Amino acid sequence: METTSFVRHRGPITCAAQIPNSTKIITSGYDSAVALFDINSAQVNLLGYHAHLVNRVTVNQTGSYAVTASSDYNLYLWDLNKQELALVLKGHDDDVEDFVFISDELGASVSRDWRIIIWDLTQGAIKRIILGHEKDVLSISYLNGKLYTSGDDMTLRIWDVETGEALAKIGPFDTETDTCAIDALHNRVVLGCDDGVIRIFNINDNQLIAEIPGHHSAIKKVAVSPENGDILSAAYDQQILIWDHTTFHQKQKLASHPALWERSFNWSTDGKNIVAGTFDGTVIVWNAHSGECIHELGENSQSPGNPCFNDLASKNDQQLVMVSDDGVVRIGVLDEHNASWQAKQLPELGRVLMNAVAFCPTRQNVITGAHNQHLYLFQQNAENLKQTSCIALNEGPVNSIRTSHLTAHQGEIFVACYSGTLAHLSHDGELLNKIPAHDNAIKALALHPTRAIGVSCCAEGTLMSWDFNGKLLKEYKGHTAIIDDVDIDPSGQFIASTGRDFTLKIHGIDDGILYHTIHLGRRSPKSLCFISPEVVIVTNYWGELLRVSLKDGAIIRETIAQNGISSIIKHGKHYAVSSYDGAIYLIEPQKLKVLNSLRSMTQQVEAPAFA
């Protein structure tokens with residue numbers, strides 16, 4: 001258990017930005033915290049907490065103010081001289097993803113509510129709302145009276161700040177466009193795309209200047225050097241690269257780190273260094289010219305990483321196996337009377353962020369999926385695990401794993417990948433097939449209880465069923481946004497799915513009919529589980545459990561965790577859920593009562609700065 005002092009983020013750092021005219025870096029994190037790291041002294045100070053995870057931090061040109069954008073739907077304006085909260089900007093009704101200063105008095109934000117809001121920063125008032133994007137807006141930049149925005153609708157759009165008028169739409173492209181940046185020195189806008197290509201456009205006429213096929217996986221951040229216009233790109237292929245602003249050839253590759261988070265990167269204010277956050281809650285500083293890592297701030301060698309739990313699997317009525325951001329595979333005992341850790345295991349080549357886990361009872365092996373696009377197989381040995389193989393899938397981060405218990409397919413492994421591919425492997429890890437089931441990231445999958453078929457869901461808002469030979473069977477429509485999880489009911493008749501359109505939907509697996517659409521409120525769902533053909537439990541990013549009756553739509557709602565609930569599974573006669581707050585909870589499914597819990601970390605040390 002960690003102490004109650006704040007020595008680093010206790011969750012991934014989403015963004016790190018140097019404060020001009022100082023040696024301080026301000027950070028935002030999934031632990032809802034905003035903090036200051038000093039490069040010279042290595043001192044870490046907590047500024048305060050949002051009510052939910054923080055997605056981005058932006059600093060003005062003088063270094064006097066910063067704005068943080070949060071999934072609590074608000075933005076905070078921080079006075080950096082006083083190191084205190086100055087204003088709360090309220091107006092979005094979904095996760096706020098990015099912000100840009102237009103001036104010290106004016107700023108603009110983008111959100112998963114598809115809107116751009118221009119703010120009067122002197123009063124915290126909305127000056128203008130701009131509509132036009134057709135899906136979530138994730139990135140925003142500003143130059144000379146124009147805003148540049150990109151996101152899930154696969155476009156780059158340009159807007160007039162004074163009027164809100166749409167000046168141009170570039171695209172749509174074939175994949176999402178999560179990140180954009182301005183090269184003011186050369187009048188260019190740089191776009192990072194999910195196909196791994198950097199696209200560069202002329203600001204004056206919006207014409208394409210160059211395409212850099214620089215990555216083998218989705219680009220999550222591009223940034224432009226204030227020194228000379230060199231381009232930094234960070235992608236899910238674990239490559240952090242610098243591109244020459246003139247030739248567009250690769251100029252530098254940054255030294256790797258086991259807990260890199262691609263979306264958190266920025267240039268230092270003088271263009272000489274690169275700063276970024278990690279899944280460990282630390283800040284990394286690289287020399288941009290040599291690519292060498294020169295600082296890690298907040299590092300704790302006694303307790304590296306953060307056990308923010310991403311997934312879990314039940315081994316028997318007592319034992320659970322779970323994976324987390326710190327790369328440790330854990331075995332624990334959790335029932336009504338016992339809660340204890342039994343074993344920890346690292347991959348042989350060192351820890352790496354783990355997103356997914358499955359346990360195969362017939363083979364007694366544990367399969368984990370990692371951010372580095374690999375599967376790791378472990379064999380059960382008494383209470384311990386021994387790694388037996390490591391398989392490179394090269395299909396983006398692994399999001400979900402399931403194993404078959406059917407007689408003809410015992411122990412076979414099905415893997416949901418960010419690339420849109422389903423990987424099908426034998427029980428010992430031999431690749432049998434890659435199924436191109438979706439055009440976008442597969443978030444989860446479920447296997448039928450009695451038939452050799454499965455269902456998967458993806459970021460483009462569709463469900464697809466398929467058989468074990470790789471044949472695509474049926475597409476199920478109805479969602480209007482990312483689908484985060486899917487399950488098949490115990491009778492094998494129905495599919496449950498939930499996602500960022502805030503609904504639970506029930507389809508017939510064979511007829512494809514949409515039988516139920518149940519609205520869950522304005523808090524993003526994360527995972528779900530049938531407890532009977534008539535009842536589904538849904539979890540969300542706010543630490544809530546929702547027990548939904550399909551007969552009448554009635555919902556019982558309970559908050560049990562301090563952060564999002566990442567997964568729910570049947571465990572003995574009860575259910576177990578994992579949370580990003582560092583705990584596993586045993587749940588009674590009728591009234592959602594917490595019967596016991598197993599904790600590895602206390603995430604927050606103070607109350608939010610504003611409630």
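For reference, positions follow the sequence shown, starting with 1. This one's a predicted model, so the numbers in the text were calculated from it and none came from an experiment.
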message = A quick test of your reading: do over 12 heavy atoms of other residues, nucleotides or ligands sit less than 6.0 Å from CG of Asp174?
response = no
Would you sort out whether Ser109 and His92 count as a side chain to side chain donor-acceptor pair (under 3.5 Å), showing the intermediate values? CA-CA 9 Å; Ser109 58; His92 285 291; 2.7 Å; yes
Fill in: Exam field: side chain Tyr585 to backbone Tyr575, donor-acceptor pair closer than 3.5 Å
no
- Message: Main chain of Ala444, side chain of Ser400: is a donor-acceptor contact present, judged purely on distance under 3.5 Å?
- Response: no
Output for pair (Asp194 CG, Tyr236 OH), nearest 0.5 Å, gives 8.5 Å
Looking at Asp487 and Ala496, would you say the former's side chain and the latter's main chain have a donor-acceptor pair under 3.5 Å? no
Near Lys434 NZ, under 6.0 Å, is it more than 12 heavy atoms from other residues, nucleotides or ligands?
yes
CG (Asp325) and CH2 (Trp261) are apart, to the nearest 0.5 Å, by 8.0 Å
Evaluate Asn55 against Asp95 for side chain to side chain donor-acceptor pair (under 3.5 Å), listing each step before the verdict. CA-CA 8 Å; Asn55 295 306; Asp95 297 7; 4.9 Å; no
Are the side chain of Asn433 and the backbone N or O of Ile435 linked by a donor-acceptor pair below 3.5 Å?
no
CD (Gln590) and CD1 (Ile537) are apart, to the nearest 0.5 Å, by 8.0 Å
**OP:** Measure up the Phe279 and His371 rings against each other and bin them: parallel (under 30°), tilted (30 to 60°), perpendicular (over 60°).
**Re:** perpendicular
Self-check item: Side-chain donor or acceptor of His424 paired with backbone N/O of Phe468 under 3.5 Å
Solution: yes
The reported gap from CG in Asn563 to CZ in Arg10 (rounded to nearest 0.5 angstrom) is 13.5 Å
Between Leu147 and Val100, the two heavy atoms sitting closest are CD2-CG1, 4.0 Å
Rounded to the nearest 0.5 angstrom, the CG-OG1 distance for Asp195 and Thr175 is 3.5 Å
Legend entry - Thr403 (side chain) donor-acceptor with Gly411 (main chain) under 3.5 angstrom: no
* Asked: For His9, does its backbone N or O pair with a side-chain atom of Asn306 as donor and acceptor, under 3.5 Å?
  -> yes
Residues pairing under salt bridge (Lys or Arg N to Asp or Glu O under 4.0 Å) where one sits in residues 563-588, two or more places apart or in two chains, turn out to be Glu336-Lys573, Asp581-Arg599
Expected output: side-chain Asp98 to main-chain Ala69 donor-acceptor under 3.5 Å: no
Aromatic ring proximity, centroids under 6.0 angstrom, Phe494 and Tyr515
yes
| request: Could you tell me whether the side chain of Asn540 and the main chain of Ser524 form a donor-acceptor pair under 3.5 Å? | output: no
Residues at least two apart in sequence or cross-chain that pass side chain to side chain contact (heavy atoms under 4.5 Å, CB included) with His519, listed by chain then number, are Thr503, Thr517
**Item:** Sidechain-backbone polar pair: Ser404 side chain, Glu412 backbone, donor-acceptor under 3.5 Å
**Value:** no
Inset, instruction - Output, in order, the C-alpha distance, side-chain angles, deciding distance and verdict of side chain to side chain donor-acceptor pair (under 3.5 Å) for Asp485 and Ser527. - result: CA-CA 5 Å; Asp485 202 9; Ser527 61; 4.6 Å; no
The reported gap from OG in Ser28 to OH in Tyr76 (rounded to nearest 0.5 angstrom) is 13.5 Å
The side-chain hydrogen bond (donor to acceptor under 3.5 Å, both in side chains) partners of Asp153 (sequence neighbours excluded) come to His133, Thr155, Arg157
